[in-house]
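Within every chain, numbering begins at 1; the chains are lettered A, B, ... in the order of the sequence lines, protein sequences first and strands thereafter. The structure displayed is predicted, hence computed values, not measured ones.
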Amino acid sequence: MKLIKNVYDFYAQGFKSMTTGKTLWRLIFIKVAVILIVLNYFVYDRSIDTEYENEAQKIEFVHGNLVGKSR
Amino acid sequence: MEEQLIDWSRAQFALTAIYHFLFVPLTLGLSFIVAIMETIYVKTGDLKYKEMTRFWMTLFAINFAIGVATGLIMEFEFGTNWANYSWFVGDIFGAPLAVEGILAFFMESTFFAVMFFGWNKVGKKFHLLSTWLVAVGSNLSAFWILVANGWMQFPVGMEFNPDTVRNEMASFWDVALSPVAIAKFLHTIGSGYVIAALFVIGISAWYLLKKREVEFAKKSMIIGSTFGLVVSIFIVVSGDESAHQVAQKQPVKLAAMEGMYDGKEAAGIVAFGILNSNKKLLSDEPTYDFEIEVPYALSILGYHVWDAYVPGLHDLVYGNEERGFESAASKIEKGNKAIAALEAYKAAKESGDTAAQVKNRAVLEKNMEYFGYGHLEKPEDVVPPVALTFYSFHVMVLLGGWFLVLFAAVLYLSTKKDIAQSRFWLKASLYSIPLGWIAAEAGWIVAEVGRQPWAIQDLMPVGVAATDIGTSNVQITFWLFAFLFTALLLAEIKIMLRQIKIGPKGH
């Protein structure tokens, strides 16, 4: 228990005493929110896993592209 | 697939990779410079080095915070824009990235907290150990990413499974210790170290020009220039090994780097040259409008033999039986056989024809190393954009030479004379800060543009790797990223400049 409290205090005091770090954490939160929420769910919402239900369909899709003539 | 879509997909990935690599190299190098500064502090007990460590550590943190997670976007792009590629590479690409995430990232982030919050709370030696572990962890992350990239340049350690149409890892160690991956790792981290050294001497030079923080700046310049000089020499060695690997595994790239159309023995390197824009394959036009050549250098660089024959684009596209170079047309024929065998294998499997299945699998395995060539329309498609590859390579090499001179001069003036009196070298140091990034990005352009048309060397061209999701979708996300990354970059520059103006006393 004492170890957990020490670790907690270490981080808590560290975050409290930050100056430039606070601005940086704000930036990190905004950026991660944009990447993980906006980009992940609205921009990159389609992938082979979302478009096809099972392994056989995914194989069929890629196989078709591999044997089809592209450039 | 539309050519326009392929080019926009290429451009989008290039944009995200280039922006991501603005943040990464400074993290790689500055982490070690900070660790060296702190080691001096712990050894000598001199508080000036503690102040120095804390100042550069803050700039390191700003860069780290802005850059962190920008690489995630590329992972999303693999899923959406490069679905065929992601499936085809299977666990070969996934394994190094997973190791990177689990081992290096956690190691980095755990000790990162001790590094910043631990001053006066943990012992000096434990704090120093944490700083070194952050540096090692950051560089280990880079190792696994570059292993994945090295595999795309020289695919080894895998077997293609025609039932799942994906590659399966046959030897983890062949992938991880591939000579291309190792050479790429050493050369790339070296470029990061040079960027960090330029950053340290450049900002220190600014303080000296402003007649501020004189002692701090002079000491920082000695550490920065010593580190920079050592890694610049290391980069020459690792660059030599990289070029040697390219000559063996990607000779078309080497020919493009030198704009070499006709092969020759005892080939020289063009130290400085201007390409003739009218020069095309099989044309009689001269290759260069102007060139200064270093004799024998390309043969030595590529093959470590002064009179070695270096193949030109004509040898590699149209073949040269006498010299043992197979034509691209012959490789395309083998690639077509591989593709036809994969199709026939599937048909045989579905109809239950075991004999045909075995026969087609044998044909596929025999021709698999040429699989990607079957997707090319003509032999000339194997040639990457020559001018971009050539100029990027020469910009990188010329800047590398300049950095050697700069670090040597700054180190000499800092230790034997008074660097504060030499405004020329102070200004040269300051204005050279962005040049490190230009050299590193030019190096990546050589590595990536020089291997076109391949997403995976010889196995998968970019046109097959890309997903058909509509050109307009890719265009929108391209501009979205351009905006997002530019905003992040401006934020970093603003916070960084504010911190530099405050100076080391502000800690």
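In terms of heavy-atom proximity, Tyr11(A) sits nearest to Ala113(B) at OH-CB, 3.3 Å. Phe10(A) and Val114(B) make their closest contact through CZ-CA, 3.8 Å (heavy atoms, listed as atom of the first residue, atom of the second, distance). Residues Lys31(A) and Ile66(B) share a closest heavy-atom pair of NZ-O, 2.6 Å.
Annotation: maximal heavy-atom pairing with chain A below 4.5 Å, among Ile73(B), Leu488(B), Val122(B), Val165(B), occurs at Val165(B). Ranked by heavy-atom pairs under 4.5 Å with chain A, the first of Lys346(B), Lys378(B), Met460(B), Glu77(B) is Lys346(B). Note on Leu484(B), Thr477(B), Thr164(B): by heavy-atom pairs under 4.5 Å with chain A, the leading option is Thr164(B).
At a threshold of 4.5 Å between non-hydrogen side-chain atoms, the residues Leu66(A) and Asn84(B) do not count as touching. At a threshold of 4.5 Å between non-hydrogen side-chain atoms, the residues Ile59(A) and Trp87(B) count as touching. Between Arg498(B) and Thr23(A), some side-chain heavy-atom pair lies under the 4.5 Å cut-off. Under the 4.5 Å side-chain criterion, counting only non-hydrogen atoms from C-beta, Phe117(B) is in contact with Phe15(A).
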side-chain contact (heavy atoms from CB on, under 4.5 Å) between Val62(A) and Arg166(B), intermediate numbers included:
CA-CA 9 Å; Val62(A) 179; Arg166(B) 71 194 318 182; over 6 Å; no

Worked verdict on Ile495(B) versus Leu27(A) for side-chain contact (heavy atoms from CB on, under 4.5 Å)
CA-CA 11 Å; Ile495(B) 300 170; Leu27(A) 263 173; 3.5 Å; yes

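Separating the NE2 atom in His63(A) from the CG atom in Asp163(B) is a distance of 10.0 Å, to the nearest 0.5 Å. If you take OG1 on Thr19(A) and CD1 on Ile502(B), they are separated by 7.5 Å, rounding to the nearest 0.5 Å. Distance check, rounded to the nearest 0.5 Å: CG of Asn65(A) to CG of Asp468(B) gives 8.5 Å.
Heavy-atom neighbours of Glu333(B) CD from other residues, nucleotides or ligands within 6.0 Å: at or below the threshold of 12. Counting non-hydrogen atoms of other residues, nucleotides and ligands closer than 6.0 Å to NZ of Lys22(A) gives a total above 12. Applying the 6.0 Å contact sphere to NZ of Lys494(B) captures no more than 12 heavy atoms from other residues, nucleotides or ligands.
Contact of Glu492(B) with chain A is not made at all, since no heavy-atom distance falls under 4.5 Å. Contact of Phe78(B) with chain A is not made at all, since no heavy-atom distance falls under 4.5 Å. If you measure heavy-atom distances from Phe481(B) to chain A, the contacts under 4.5 Å come from the side chain alone.
Under the 3.5 Å distance criterion, the side-chain polar atoms of His375(B) are matched with a main-chain donor or acceptor of Gly68(A).
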